[in-house]
Amino acid sequence: MKVTEIFHSIQGESTYAGRPSVFIRLTGCPLRCTWCDTAYAFYGGRDMTMDEIVAETRAFDCPLVEVTGGEPLSQPDSLALLTRLCDEGFEVLLETSGAIDTAGVDRRVHVILDVKCPGSGMTERMHWPNLARLTPQDEAKFVIKDRADYEWAREVVRREGLFTRCTVLFSPVFGDAEARQLAEWVLADKLPLRFQLQMHKYIWSPDMRGV
Ligand code: SF4
């Protein structure tokens, strides 16, 4: 498999935010979100076997592991990697763009599914059946750039009945959207979701790799 980096950090998003976690960042992504902060994962990467990935992950002695990218599911072996990590006893998160079918993902994995708002420029790439697969152990994440994104996300959440099926995360585009404004919209509409900021970008530098 092609691996951009494996590192130990604080989980910065989702209901797991604040927990120490190992991140396995797989190389490659077929999308090009306007606000992407991991373009360095589009190309290159180290060739690693699954055994090498697991050994490097295990060396951090941390029970929580997130497989991310790029878009991790763009590498077909990622499905076997997710199952292997579960079999090894890790608590496993998958951060995925929403564009690739999640049907083959091991059900022990907690899926954090991006739903690409119009401001990302990638809405038409969404694989919508992925939303129907979300369960209470999963999370749907909307990164909001402006009011148009917010209204679009609010409509999708209601149309898909997401509030009753999984955790819903709304976060502002880092350094672009106004966090306070988004928080006020959420409160005004009484949406039962989890508002979040990307904690790791406040702890470390926003453009730093491996955090
Ligand atoms: S899906 Fe993720 S890695 Fe791919 S372009 Fe969008 S933000 Fe970047």
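All ligand and atom numbering here is 1-based and tracks the order in the structure.
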Ring geometry between Phe7 and Phe23 (parallel below 30°, tilted from 30 to 60°, perpendicular above 60°): parallel
Heavy atoms from other residues, nucleotides or ligands near CG of Asp47 exceed 12 (cutoff 6.0 Å):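 Above 12, so yes.
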Exceeds 12 heavy-atom contacts within 6.0 angstrom, atom CZ of Arg159: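 Enclosed: over 12 neighbouring heavy atoms sit under 6.0 Å from CZ of Arg159.
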Glu66 and Glu95, any side-chain heavy atoms less than 4.5 Å apart: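 Result yes, sub-4.5 Å side-chain heavy-atom pair found.
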Side-chain heavy-atom pair Asp189, Tyr150 within 4.5 angstrom cut-off: yes
Sub-2.8 Å protein N, O or S atoms surrounding atom 4 (Fe) of ligand 1: Cys29 SG
Stepwise side chain to side chain donor-acceptor pair (under 3.5 Å) check, Asn130 with Thr102: CA-CA 6 Å; Asn130 283 339; Thr102 59; 3.0 Å; yes
